[in-house]
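To start, the structure itself, in structure tokens.
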Amino acid sequence: MDGSAPPGPEAPHQFDPRAQASGEPPASAGAAALEGRRKGLTEPQREAGLHAEGPLLVLAAAGSGKTRVITRRIASLIHRGVPPWSILALTFTNKAAGEMRERVASILLGDHIDASKMHEHRATRGLTVSTFHSLCARLLRRYAAEANIKGLTPEYSIYASADQTAAMKNVLATLGMDTKQWPPRSILATISNAKNELLDADAYAAQANDFYAKKIATIYSAYAAALRTANAIDFEDLLLFTERMLRTNETILSNCRDRWRYLLIDEYQDTNRAQFEIARLLAGDPLATGPNAGPGPGPGPNICVVGDPDQAIYGWRGADITNILDFEQRYPGARTIKLGENFRSTPAILGAADRLIKHNEQRKDKPLFTTRPGGTPLEVTITSDERKEAALVADWLGAARASAEKASQPGGAWKDCAVFYRTNALSRVLEEEFRAAGVPYIMARGTAFYEREEVRNALAYMRVVANQADTVSLLRIVNTPARGLSKATVDALRARANSEGEPLFEIMRRGRESALQPRTLKALDRFIETVDGWTGSGSFMGAGISGSLADLVDRVIRESGLQALYEKRASGSESDSDAERLENLDQLVTSAREFENEYDPTRDPALPGGDEDPFAEDVPPLLELLRAWLESVALVADADKVDPESGAVTLMTLHASKGLEFANVAVVGLEEGVLPHFRGNESEAMLEEERRLAFVGITRAMQRLHLTSAKYRQVRGVTERTIPSRFLEEIGRDDVRFSDQSDDYDTYRDDGYRDDTDQRSPAERSGRGTTITRGWTPGRPLGAPAPIASGGGNAAADSAREAFPPGCRVRHPQFGEGTIESIQAGQLVRAKVKFRTGTKTLVLEYARLRRID
DNA sequence: TAACAATTGGTTTTT
DNA sequence: CCAATTGTTA
């Protein structure tokens with residue numbers, strides 16, 4: 001195609017010929033009318049799509065065609081002559097970004113264009129669709145030098161969770177702090193929270209009052225310093241640094257503002273403080289004065305945000321729902337459009353979702369409605385354990401497919417099916433039972449591959465090639481495979497690096513100064529030579545020479561000795577895991593090859609916009625490719641791996657399901673402690689977020705929905721008694737087909753929701769099978785008493801009284817926190833505990849009581 | 001020094 | 001149950 005970008009077949013004024021002709025779409029839900037309207041757009045959809053200048057808030061209920069509105073709006077802007085490179089759309093996942101880009105192109109060009117060629121087309125060239133994190137990563141690379149952030153060069157590494165932990169452990173070690181008392185993960189959680197609130201180490205220290213906070217402040221600044229020497233930034237830094245860069249550097253900010261005149265943000269309810277500020281800086285703040293002020297007279301900043309407060313599920317990550325709730329105050333004159341009609345789900349599904357979400361008190365009530373007819377009632381099933389639950393789901397999906405096919409409805413293929421769960425641990429049984437039942441499935445775990453030991457090793461090599469200062473990666477590979485550089489040697493070098501404040505690799509180069517054994521020195525020299533061989537002593541890559549990324553990765557895997565290491569292990573033992581490791585290394589090379597084949601520098605948001613073609617240079621330098629590849633690897637999300645054409649059932653967490661839809665959906669594990677998760681039981685706000693999470697899962701379903709709950713569930717290898725989720729009760733029984741398929745005779749009242757205190761499994765009660773003695777096994781937490789002997793009487797009760805004196809606070813996995821009222825002796829020692837929900841009598845041996853005061 | 005066995009404690013969710 | 005760390009042995 002030539003450069004003149006002919007208008008697509010769907011010019012903006014033709015988006016909805018019917019609506020154009022007749023004004024409001026008909027309210028009746030006749031099949032023909034519905035069909036006609038679904039092809040076009042509803043009035044509010046059309047309005048949002050055509051909105052031109054000034055701030056716009058789209059409050060889009062689940063399934064109301066939100067993505068459609070954004071894509072239409074982008075297409076309509078471009079069609080109206082807005083240059084694509086001046087549009088910036090921010091999505092939640094890379095996957096969503098890719099899809100949006102393609103959909104915009106397909107609206108503009110028609111569906112007949114080869115999708116793989118789409119991105120090359122001029123019509124969308126320079127259009128930026130990206131996640132916040134990718135955008136920030138690119139901006140920081142592009143402007144690293146200019147912004148003059150200490151120690152940050154464009155080669156910087158991105159530290160994701162495992163790297164962060166490793167870095168933190170090193171920091172704690174140098175500070176001489178005990179990791180038992182200062183758990184790296186929880187310190188990191190505190191620091192991330194601070195970063196999400198835009199508090200850097202200094203700002204954090206300034207507001208630290210108590211002992212703990214002051215201690216954290218010390219660790220924070222040491223951690224920040226360690227990352228600087230390593231030329232590394234962590235996930236939260238991506239946002240933090242970008243915000244600071246834009247706020248303090250006028251030239252960079254005006255560069256960005258000059259380029260992006262139109263800003264669109266999806267899933268705005270899940271943005272955190274840092275993201276809010278970045279958006280505000282890019283769009284221009286109408287309420288601010290000075291350099292960050294808005295665009296001056298006119299309709300206001302062209303910022304369009306789309307979201308649904310009922311689907312806010314990332315509060316734990318610092319997301320702040322008030323960003324969307326207060327949008328109209330932040331951007332006066334904002335136009336607000338509400339998309340309330342659901343086009344996705346059957347009335348039964350939508351009704352259940354509505355009844356559930358109504359239980360949230362911190363919520364503006366907004367009715368959910370659909371004009372879709374019919375559909376089957378949703379199903380709720382109680383099974384006896386998680387294995388039966390998984391088997392039931394496998395069966396049900398098979399049946400759902402068959403009936404969809406018979407009725408020639410959508411949903412007749414495996415790819416139309418999905419299973420959601422609260423935590424990843426629940427996927428295991430599902431996998432096993434699906435395999436046994438011959439149901440094809442894929443798991444949306446995008447990061448899993450990159451978390452494998454061998455892959456991480458190879459990537460650590462690549463990161464050192466790109467960024468020799470990267471201490472965490474260097475420490476990982478320096479003696480893997482073993483090359484005679486012992487822990488003692490490395491520790492000594494590290495201590496030196498720390499005291500001199502130099503990157504470890506530099507100290508290693510000057511190994512001669514460190515009084516090492518000749519043998520160790522030789523090993524060290526060899527290692528450095530090997531690395532220098534890949535980088536050409538830092539010159540050939542830096543000179544911008546082109547080459548194949550995959551070839552480089554392959555070379556590194558061989559010459560590092562990783563290949564030989566796993567080959568040796570694979571031939572030595574017949575464990576397939578080592579053979580698998582070799583395959584994974586191959587796959588990594590393949591992934592690098594795919595990346596370089598598909599790499600499109602025109603998508604780099606850090607490139608200047610404008611009408612001149614900044615993309616003339618056709619082959620990107622190898623180092624550039626390597627950086628981009630490592631970055632993409634660091635920023636993959638689980639949801640990125642969802643493949644709608646896979647021909648298999650998709651298994652994923654509820655979080656990952658956001659934004660997707662499937663004809664047939666099962667949500668498993670509707671149990672207290674699982675969904676809602678026990679960690680979410682601590683406050684009303686957290687409980688409401690759990691409820692929204694359930695709501696998100698339910699509203700993914702188009703045709704058929706099945707919610708399941710298992711009476712017993714194995715957690716960490718031990719069977720536990722469960723209580724059905726309160727969410728099931730809240731959904732109620734209208735339009736619900738309920739069935740209790742647990743072969744257990746006790747406990748459930750005939751409404752299906754249980755209230756008893758016998759926590760033994762059927763096997764225990766019948767005296768057969770494995771004895772399950774989970775939890776309060778004496779001697780475990782807090783120096784509990786001697787074992788309760790079988791038939792134990794007073795002795796056991798006495799020691800229990802010692803461990804749980806009346807009045808002490810305890811936590812129960814399902815009931816939450818409570819207070820001990822009394823301990824009763826007997827064959828089985830029981831405790832009377834007062835919980836928020838009422839007083840229960842629990843068998844101490846089986847209830848997992850933990851003292852918490 | 002490195003590979004292996006024993007022990008311990010513990011992740012909810014993820015860009 | 002499992003991974004990650006600590007201790008033990010060739």
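Everything numeric here is computed off the predicted structure, so don't read it as measured data. In what follows, chains are A, B, ... by sequence order, proteins preceding strands, each numbered from 1.
- The CD atom of Glu688(A) sits 22 Å away from the P atom of dT13(B) (whole-angstrom rounding).
- Taking only side-chain nitrogens and oxygens, Ser486(A) never comes nearer than 4.0 Å to OP1 or OP2 of dA2(B).
- Along DNA chain B, the nucleotide nearest Gly484(A) and the nucleotide nearest Phe235(A) are compared for position; the residue whose nucleotide lies closer to the 5' end is Gly484(A).
- The nearest whole Å value for the distance from the NZ atom in Lys487(A) to the P atom in dT5(C) is 11 Å.
- In this structure, Asn479(A) reaches the sugar-phosphate backbone alone: every heavy-atom distance under 4.0 Å involves primed, P, OP1 or OP2 atoms, never a base.
- Checking dT14(B), dT15(B), dC1(C) against every side-chain atom of Glu236(A), the shortest atom distance belongs to dT15(B).
- Using modelled atom types, one side-chain atom of Arg700(A) and one backbone atom of Val696(A) make a donor-acceptor pair closer than 3.5 Å.
- Between the CZ atom of Arg716(A) and the C1' atom of dT7(B) there is a distance of 16 Å, given to the nearest Å.
- When rounded to the nearest whole Å, the span between CZ of Arg445(A) and P of dT14(B) equals 7 Å.
- Asp320(A) has its CG atom 17 Å from the C1' atom of dT15(B), to the nearest Å.
- Each of dC1(C), dC2(C), dT14(B) was ranked by its minimum atom distance to the side chain of Arg428(A); first place goes to dC2(C).
- When each of dA2(B), dT15(B), dT14(B) is scored by its nearest atom to the side-chain atoms of His655(A), the top-ranked nucleotide is dT14(B).
- OP1 and OP2 of dT11(B) both lie 4.0 Å or more from every side-chain N or O belonging to Arg679(A).
- Residue Lys169(A) is classed as a sugar-phosphate contact, given heavy-atom separations below 4.0 Å to backbone atoms only.
- An aromatic stack links Trp316(A) and the base of dT13(B), using centre distance under 5.5 Å and interplanar angle under 30°.
- Cation-pi geometry between Arg141(A) and Tyr156(A) is met: the NZ or CZ atom falls under 6.0 Å from the ring centre, inside 45° of the normal.
- With a 6.0 Å cutoff to the six-membered ring centre and a 45° limit on the axis angle, Arg721(A) counts as a cation-pi contact of Tyr712(A).
- Residue-level contact check: Arg185(A) touches neither bases nor backbone, having no heavy atom under 4.0 Å from any strand.
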Using side chain to side chain donor-acceptor pair (under 3.5 Å), reason through Tyr314(A) and Asp320(A) one step at a time and then give a plain yes or no. CA-CA 8 Å; Tyr314(A) 285 99; Asp320(A) 185 354; over 6 Å; no
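- Separation of the C1' atoms belonging to dA4(C) and dT13(B) is 22 Å when rounded to the nearest angstrom.
- As rounded to whole Å, 12 Å separates atom P of dT14(B) from atom NE2 of His677(A).
- Nearer the 5' end of DNA chain B, as judged by each residue's closest nucleotide, is the contact made by Thr423(A), out of Leu635(A) and Thr423(A).
- Between Tyr450(A) atom OH and dT15(B) atom P the separation is 13 Å, expressed in whole Å.
- When Glu688(A), Arg363(A), Arg691(A), Gln269(A) are each tested for a side chain to side chain contact (heavy atoms under 4.5 Å, CB included) with Asp310(A), only one passes: Arg363(A).
- Put simply, Asn196(A) has no side-chain N or O that comes within less than 4.0 Å of OP1 or OP2 on dT15(B).
- The CZ-P distance, from Arg483(A) to dA3(B), rounds to 13 Å in whole Å.
- Among the atoms of the strands shown, only primed sugar atoms or phosphate atoms (P, OP1, OP2) are found under 4.0 Å from some heavy atom of Phe92(A).
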Between Trp316(A) and His655(A), is the ring pair (Phe, Tyr, Trp, His ring centres under 6.0 Å) condition met? List the steps. CA-CA 12 Å; Trp316(A) 52 273; His655(A) 282 94; 5.8 Å; yes
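- In terms of phosphate contacts, Asn94(A) brings no side-chain nitrogen or oxygen within less than 4.0 Å of OP1 or OP2 of dT15(B).
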